[in-house]
Amino acid sequence: MASAELRDTRRRIKSVQSTMKITRAMELIAASRIPKATARVEASKPYSAKLVEVIRNVSAASGGASHMLLEHREVKNAGVLIVASDRGLAGAYASSIIREAEKHIIGLEKSGTAARLFVVGKKAQSYFQYRKYHIERSFLGVTDTPGYGDARAIANILMDAYASQTVDSVDTFYTQYRSAMTQVPLQFQLLPIVAPEGAAGSEGAASVDYSYEPSPTAILDRLLPRYVESMVFSMLLEASASEHSARRRAMKAATENADELIRILTRIANRARQAEITTEISEIVGGAEGLSQQT
């Protein structure tokens, strides 16, 4: 009959094997989503680049016309958009971007500027709610497979807050996808929009004289909101690809650790079983010798 130690070791092996099946399945799921997520990131770049080029050309033709989204004003209330994740088990993915955002928020508070948070993902919402930060809006269920409609909804809320002077600026924190092994937390000023290089008569501006219908100012009024939507969408796509990559690495490491733990526990179980067999043989031999001496 197995000893208590051996039974406990075998129970632990079964438990670790069950956990390893889960982590392995999650690793495969994350790995299957990475190609699609990275393809969406790459597909969005030409649109964003062309939009920036068009804004640069129209801005140059408009003669530096002003627009609400270009307006710089004294920052009394700073908006902060944090793009984290809805689910965990992705290593330090969510905590890295949350930590960078919190440093910025603490700096704002020290300078006497109020911070209004717009959070994407349940992880960021839970973290900042627990620490009693003022969360203006939360967006949940977006990070796994973000759509352009999600980006438009977030961008509209940010632009409305900026237009109504609820916030005087919007800084965003998200994770940029660079490769399967490298994802970098970044800060980006979304509002007010910084005019692209070459706009409004600066060096590199388009030298061709275009004809516009309607006026450049009217076109700019339509393009700038699309630019904000496009930037938010790009951030969501980058964050989604980063999250899947981080989860795949974390689950791969967990699977490897579970496999190593199973090997260690199996050796312990084998030693315990060997000790039991040795004890049983010793008892049998001792009993046989006792009987032979009696006869």
Side-chain angles (χ1 to χ4, degrees), residues 29-30 32-52 55 69 79-90 93-98 100-101 116-129 133-164 166-167 169-178 183-191 193 222-248:
I29 291 171
S32 68
R33 291 177 176 176
I34 290 173
K36 183 177 179 180
T38 54
R40 296 182 73 194
V41 171
E42 292 301 321
S44 70
K45 288 181 179 179
Y47 174 80
S48 300
K50 193 65 178 178
L51 187 58
V52 169
I55 290 174
L69 297 179
V80 182
L81 174 66
I82 303 117
V83 182
S85 62
D86 288 299
R87 296 184 293 133
L89 300 178
Y93 166 74
S95 60
S96 296
I97 197 65
I98 289 173
E100 292 297 320
R116 296 180 180 271
L117 275 58
F118 301 83
V119 298
V120 179
K122 192 172 182 180
K123 287 294 179 180
Q125 182 195 47
S126 301
Y127 182 91
F128 289 108
Q129 270 187 346
Y133 286 101
H134 177 78
I135 298 179
E136 195 76 18
R137 284 292 298 270
S138 298
F139 307 93
L140 307 181
V142 173
T143 60
D144 194 28
T145 52
Y148 195 84
D150 300 317
R152 180 182 290 113
I154 295 171
N156 286 338
I157 288 172
L158 294 175
M159 287 186 288
D160 289 343
Y162 188 75
S164 63
T166 301
V167 297
S169 68
V170 176
D171 287 302
T172 61
F173 290 84
Y174 71 104
T175 306
Q176 183 186 51
Y177 179 88
R178 293 186 179 176
Q183 297 87 44
V184 183
L186 288 182
Q187 177 182 355
F188 175 77
Q189 179 182 313
L190 185 65
L191 294 173
I193 296 174
R222 295 288 298 275
L223 284 179
L224 291 179
R226 301 293 84 74
Y227 170 78
V228 176
E229 293 174 4
S230 174
M231 294 306 300
V232 173
F233 187 49
S234 296
M235 293 175 198
L236 294 179
L237 293 179
E238 297 262 8
S240 178
S242 300
E243 179 184 350
H244 292 316
S245 296
R247 182 167 292 112
R248 189 195 70 83

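Of all non-hydrogen atoms in Q125 and I135, the two that sit nearest each other are O-CD1, 3.8 Å. Of all non-hydrogen atoms in L190 and M235, the two that sit nearest each other are CD1-CE, 4.3 Å. Summarising the geometry of S44 relative to V41, their closest heavy-atom pair is OG-O, 2.8 Å, with the distance given to 0.1 Å. Heavy-atom minimum distance, A124 versus I82: CB-CG2, 4.3 Å. Among all heavy-atom pairs drawn from H134 and E136, the shortest one is NE2-OE1, 2.8 Å. Annotation for R248 and I34: closest pair CD-CD1, 3.7 Å, computed over non-hydrogen atoms.
D86 places a side-chain N or O within donor-acceptor distance of the main-chain N or O of G141, the cut-off being under 3.5 Å. The closest donor-acceptor contact from the side chain of E238 to the backbone of T175 lies at 3.5 Å or more, if one exists at all. The main-chain N or O of A241 is found under 3.5 Å from a side-chain atom of S245 such that the two form a donor-acceptor pair. For H244 (side chain) and I29 (main-chain N/O), no donor-acceptor pair under 3.5 Å exists by modelled atom type. Under the 3.5 Å distance criterion, the side-chain polar atoms of R33 are left unmatched by any main-chain donor or acceptor of S240. A donor-acceptor contact shorter than 3.5 Å links the side chain of D150 to the backbone of G147. Between the side chain of T143 and the backbone N or O of G121 there is no donor-acceptor pair closer than 3.5 Å. The closest donor-acceptor contact from the side chain of Y93 to the backbone of A239 lies under 3.5 Å. Judged purely by atom type and a 3.5 angstrom limit, S126 has no side-chain atom pairing as donor or acceptor with the backbone of K123.
In this structure, OG in S234 is found 11.0 Å from CZ in R40, a value given to the nearest 0.5 Å. Rounding to the nearest 0.5 Å gives a distance of 6.0 Å between CZ of F188 and OG1 of T172. Between the CZ atom of F233 and the OH atom of Y47 there is a distance of 10.0 Å, given to the nearest 0.5 Å. Interatomic distance, CG of L237 versus OG of S242, reported as 10.5 Å (0.5 Å rounding). To the nearest 0.5 Å, atoms OH (Y174) and CG (L236) are separated by 11.0 Å. With rounding to the nearest 0.5 Å, the separation of CZ in R178 from CG in L186 is 6.0 Å.
Between I157 and F139 there is a side-chain heavy-atom pair separated by less than 4.5 Å. Taking the side chain as every heavy atom from C-beta outward, R247 and R87 approach each other to under 4.5 Å. Counting heavy atoms from C-beta on, the side chains of E229 and N156 come closer than 4.5 Å.
In summary, of the residues considered (F118, F173, Y133, F128), a side chain to side chain contact (heavy atoms under 4.5 Å, CB included) with V80 occurs for F173 alone. Under the side chain to side chain contact (heavy atoms under 4.5 Å, CB included) rule, V228 has a single partner from L191, L223, L158, I154, which is L191.
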